[in-house]
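Worksheet for the structure shown next.
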Amino acid sequence: ISFSFHGQPWADVLQWFSDVAELSFDWQELPADFLNLTTQRNHTVEEVRDLLNRHLLARGFTMVIRGEVLSVVKISKLDASLVPRVEPDDLEDYLPHDFVRVRFDVPMQMDPAKAAEDVKILLSPNSKVTPLLATRRLLVIDAVANLRDVRDLMYSELAAADADIRPDVFQIRHRRADYVADQVMIVLGMDPA
């Protein structure tokens, strides 16, 4: 598919897309502005959906597909139960601008409420973050691209918590202890003298 929209109302654009994608179109509120967007190459239907959803997200709206129905909703009025739930490991299977919800495990060394504040830095203004204190999880709703960053952060924190940080033991033979001590001090940035 290729297209060119100049000053096109969102209702017309989304009706066109739903016809192309063979979906029923449902909406109660749409962005009040117009879309100006021209493609330079052909796109798949999924790529067009992602492209349009990116522009909708910038305006505080998103597409939600349930069965054969394409719904466009204002994110501030979005019922979280309508947002597809995705496992963190499955985020790669979704388009970058799909709006989904994910539950992340919070490492034991992190407070879930503080973790919620930390991950907000990685998220869009449209996101919703809910710390689940009893289960030590975060429920995060946002675009997949941002949730991948949150997943990577959580996985790195979990890996750090599980890491065995004991020093390795090296058996040194045929070296004098004073020579080894001098080398260790040099490696640590200290003056052997």
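Numbers here simply count residues along the sequence, with the first being 1. Only a predicted model underlies this, so the values are computations on that prediction, with no experimental measurement involved.
Side-chain atoms of D191 and M185, non-hydrogen and from C-beta on, never get closer than 4.5 Å to each other. The shortest side-chain heavy-atom distance between V144 and R148 falls under the 4.5 Å cut-off. Looking at heavy atoms from C-beta onward, W10 lies in side-chain contact with L35 at the 4.5 angstrom threshold. Side-chain atoms of R59 and D33, non-hydrogen and from C-beta on, do get closer than 4.5 Å to each other. Side-chain contact check for V102 versus V150: every heavy-atom pair is 4.5 Å or farther apart. No side-chain heavy atom of F61 sits less than 4.5 Å from a side-chain heavy atom of N126. Side-chain atoms of Q15 and D19, non-hydrogen and from C-beta on, do get closer than 4.5 Å to each other. Using a 4.5 Å cut-off on side-chain heavy atoms (C-beta onward), W27 and L14 make no contact.
In this structure, R175 contributes its side chain and V180 its backbone to no donor-acceptor pair below 3.5 Å. Checking side-chain atoms of R101 against main-chain N and O of V83 turns up a donor-acceptor pair under 3.5 Å. Without hydrogens or angle criteria, S156 side chain to D152 main chain gives a donor-acceptor distance under 3.5 Å. Distance alone, capped at 3.5 Å, places no donor-acceptor pair between the D98 side chain and the A143 backbone.
L139 forms part of a hydrophobic cluster together with L132, judged by ILVMFWY side-chain heavy-atom separations under 4.5 Å.
One distance of note links CE of M63 with CZ of F25; it measures 8.0 Å at 0.5 Å rounding. The CG atom of L153 sits 9.5 Å away from the CZ atom of F104 when rounded to the nearest 0.5 Å. Once rounded to the nearest 0.5 Å, the distance linking CD of E117 with CG of L138 reads 10.5 Å. In this structure, the separation between CE on M154 and CG on L147 is 11.0 Å, given to the nearest 0.5 Å. Summarising the geometry, atom OG1 belonging to T62 is positioned 4.0 Å from atom CG belonging to N53; distances are rounded to the nearest 0.5 Å. We find the OH-NE2 distance between Y179 and H174 to be 14.5 Å, quoted to the nearest 0.5 Å.
H6 approaches S4 most closely through the heavy-atom pair NE2-OG, 3.0 Å. When all heavy atoms of V106 and A115 are compared, the pair lying nearest together is CG1-CB, 4.2 Å. Between A113 and L133, the shortest heavy-atom distance links the atoms N-CD2, 4.1 Å. Residue E157 comes nearest to Q109 through the heavy atom pair O-NE2, 3.4 Å, listed as atom of the first residue, atom of the second, then distance. Residues L23 and G67 share a closest heavy-atom pair of CD2-O, 4.1 Å.
Placement of L123 and F99 in two distinct hydrophobic clusters is found when ILVMFWY residues are connected by side-chain heavy-atom separations under 4.5 Å, directly or transitively. The hydrophobic clustering, which links ILVMFWY residues whose side-chain heavy atoms are closer than 4.5 Å, places V119 and Y155 apart. Linking Ile, Leu, Val, Met, Phe, Trp and Tyr whenever their side-chain heavy atoms come within less than 4.5 Å leaves V73 and L52 in two separate clusters. Residue V13 is grouped with residue I1 when hydrophobic side chains (ILVMFWY) are merged at heavy-atom distances under 4.5 angstrom, including chains of intermediate members. One hydrophobic cluster, built from ILVMFWY side chains closer than 4.5 Å, holds both V140 and V86.
D50 and Y94 are not linked by any side-chain donor-acceptor pair at a separation below 3.5 angstrom, with hydrogens and angles left out of the test.
Judged as a side-chain hydrogen bond (donor to acceptor under 3.5 Å, both in side chains), the pairs with a partner in residues 132-143 (not counting sequence neighbours) are, in order, D105-R137, S124-D142, D142-N146.
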**Report entry** Residues R103, R85; criterion side-chain contact (heavy atoms from CB on, under 4.5 Å); working and verdict
**Finding:** CA-CA 8 Å; R103 283 189 310 219; R85 190 168 90 68; 3.2 Å; yes
Query raised in the report: Is there a side-chain contact (heavy atoms from CB on, under 4.5 Å) between E47 and L51 once you walk through the steps?
Result: CA-CA 6 Å; E47 289 173 332; L51 187 59; over 6 Å; no
Query raised in the report: Does the pair L91 and V100 meet the rule for a side-chain contact (heavy atoms from CB on, under 4.5 Å), with working shown?
Result: CA-CA 9 Å; L91 286 170; V100 299; 4.2 Å; yes
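A salt bridge between R49 and E46 is present, with a side-chain N of the basic residue lying under 4.0 Å from a carboxylate O of the acidic one. The pair E92-R151 meets the salt-bridge criterion, with a side-chain N (NZ, NE, NH1 or NH2) lying under 4.0 Å from an Asp/Glu carboxylate O. With respect to the salt-bridge test (charged N to carboxylate O, under 4.0 angstrom), the residues R66 and E68 do not qualify.
The ring-ring contact (aromatic ring centres under 6.0 Å, His included) test applied to W16 returns F3, F5, not counting sequence neighbours.
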